[in-house]
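Notes follow the structure.
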2 protein chains.
Amino acid sequence: MDSEIFKRFLEEKGQRLTKERSVILREAFACEGHFDPETLYADMKRRGMKASRASVYRTLSLLCECGLVEKVSKTEHGTIYEQRHGRQHHDHMVCLSCGKVIEFYSEHLEKLQDAICREKNFTGKSHTLEIRGYCGVCASHHDSEGENANDR
Amino acid sequence: MDSEIFKRFLEEKGQRLTKERSVILREAFACEGHFDPETLYADMKRRGMKASRASVYRTLSLLCECGLVEKVSKTEHGTIYEQRHGRQHHDHMVCLSCGKVIEFYSEHLEKLQDAICREKNFTGKSHTLEIRGYCGVCASHHDSEGENANDR
DNA sequence: CTATCCATTGAGATTGAGTCTCAATATATT
DNA sequence: AATATATTGAGACTCAATCTCAATGGATAG
Ligand SMILES: [Zn+2]
Ligand SMILES: [Zn+2]
Ligand SMILES: [Zn+2]
Ligand SMILES: [Zn+2]
């Protein structure tokens, strides 16, 4: 179970899996997909769970450290995380119009990056690839209004 | 020249290339490589140039809009921009230890992304690929100190 | 059980990037 | 000159994220 992994990780550091940390872990894993700390915190609060904003941030940090959670990207509205345990690595397409996030994975693409790293004598540990553009639905709407896709 | 492009872009929008905008454009292009607004502003101020923080941000926005400058990524210390005119698109490797940024470009990688977009019926407009890890110099130092499970 | 140690918590203060407001100013048009 | 519109900058404001620190609580030693 996830909390077992977290617990072991914490104990190795001489730290404890407290009630607060458990709750935050559970909530983070409850949202299948992407989440941000502020929303997570607000949701927890609304549902009457007790955990401070500080603890949310602190715990997410720990969860990242032990690999159960990962920072996906930073936006103007804060950092986006996602649950990582048992999920395959993937990259993202983000629709500039509706905000939809499409996940994808390409073995080929990953291999290619490894090759490039080798070439540059760089030891890659992680990466983020974000492709911005328009999803199928929005692309059709967007066609008509000409080039310069930087509005709204 | 760059300011000609900017001027034309502005005029098309019924706006003017003012003295402030000129200075900011010049300064942004002066730093070969990456820069962030706060540093740019501080440097300009230190060197006695007159342009407010607000103008720096506003102008960078405009420069992005017309493609002369591009947002490279968001870090915990703010947004990183780079000058784009006359420079080929490229992606980045960032050393987690010394902060060095290595630029690279791979035709193959770009083509592959196009293919993936097609496959997902997504109209890609731009992308950012950031590979985090350790550069040659730091990798050797880092070997010995184990831990830090910042896996992928 | 009591004393001590140390991790943890949470309320609120603080930081810092980025945006917004608005009165003053500059430029263009008539 | 008068009017209209674009621009600027000081500073207020927003908001994510971090920091501070007194209070709490679990673990362990005596
Ligand atoms: Zn990937
Ligand atoms: Zn994802
Ligand atoms: Zn690329
Ligand atoms: Zn670059």
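Values below: every heavy atom of this structure, side chains too, minus hydrogens, waters and symmetry copies. Below, chains carry the letters A, B, ... as their sequence lines are ordered, and counting in each starts from 1.
- Nearest-nucleotide mapping onto DNA chain D: of B:Arg21 and B:Arg53, the residue sitting toward the 5' end is B:Arg21.
- One can find a donor-acceptor pair under 3.5 Å joining the base of D:dG9 and the side-chain atoms of B:Arg58.
- Comparing D:dG9, D:dC19, D:dT7 against the side chain of A:Ala54 picks out D:dC19 as the nearest.
- Across the protein-nucleic acid pair, A:His77 atom NE2 and D:dT14 atom C1' stand 13 Å apart, rounded to whole Å.
- Of the candidate nucleotides C:dT19, D:dA17, C:dT8, D:dA17 has the atom lying nearest to any side-chain atom of A:Pro37.
- Among the nucleotides C:dA17, D:dT7, C:dT9, the one closest to any side-chain atom of B:Glu38 is C:dA17.
- Phosphate contact (OP1/OP2 of C:dA26, side-chain N/O of B:Thr18, threshold under 4.0 Å): absent.
- The side chain of A:Ser55 approaches C:dT9 more closely than any other nucleotide in the set D:dT7, C:dT9, C:dT19.
- Between the side chain of B:Arg21 and the backbone N or O of B:Arg16, at least one donor-acceptor pair lies under 3.5 Å.
- Distance, A:Glu76 CD to C:dT19 C1': 12 Å, rounded to whole Å.
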Provide a list of protein-nucleic acid N or O atom pairs under 3.5 angstrom, restricted to nucleotides 24-29 of chain D.
none

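- Distance alone, capped at 3.5 Å, is enough to place a donor-acceptor pair between the B:Gln83 side chain and the B:His85 backbone.
- Summarising the geometry, the separation between NZ on B:Lys13 and C1' on D:dT7 is reported as 14 Å, rounded to the nearest angstrom.
- Below 30°, between 30° and 60°, or above 60°: for A:His89 and A:His127 the angle between ring planes is above 60°, a perpendicular geometry.
- Listed for the A:Thr59 side chain is a donor-acceptor partner under 3.5 Å among the backbone atoms of A:Ser55.
- The CD-C1' distance, from B:Glu11 to D:dA6, rounds to 13 Å in whole Å.
- Per the geometry, CD belonging to B:Gln15 stands 14 Å off P belonging to C:dA28, to the nearest Å.
- Put simply, NZ on B:Lys7 is 13 Å from C1' on C:dT27, counting in whole angstrom units.
- A donor-acceptor contact shorter than 3.5 Å is absent between the side chain of A:Arg58 and the backbone of A:Ser61.
- Taking the six-membered ring where the residue is Trp, A:Phe9 and A:Phe6 present parallel rings, their angle staying beneath 30° rather than reaching 60°.
- One can place CG of A:Leu60 at 10 Å from P of D:dT18, the figure rounded to the nearest angstrom.
- Whole-Å rounding puts the B:Lys45 NZ to D:dG9 P distance at 11 Å.
- The CD atom of A:Glu130 sits 10.5 Å away from atom OG of B:Ser73, with the distance rounded to the nearest 0.5 Å.
- With distances taken from any side-chain atom of A:Tyr57 to the nucleotides D:dT18, D:dG9, C:dT8, the minimum falls on D:dT18.
- Toward the 5' end of DNA chain D, the nearer of the two residues B:Ala51 and A:Lys74, judged by each one's closest nucleotide, is B:Ala51.
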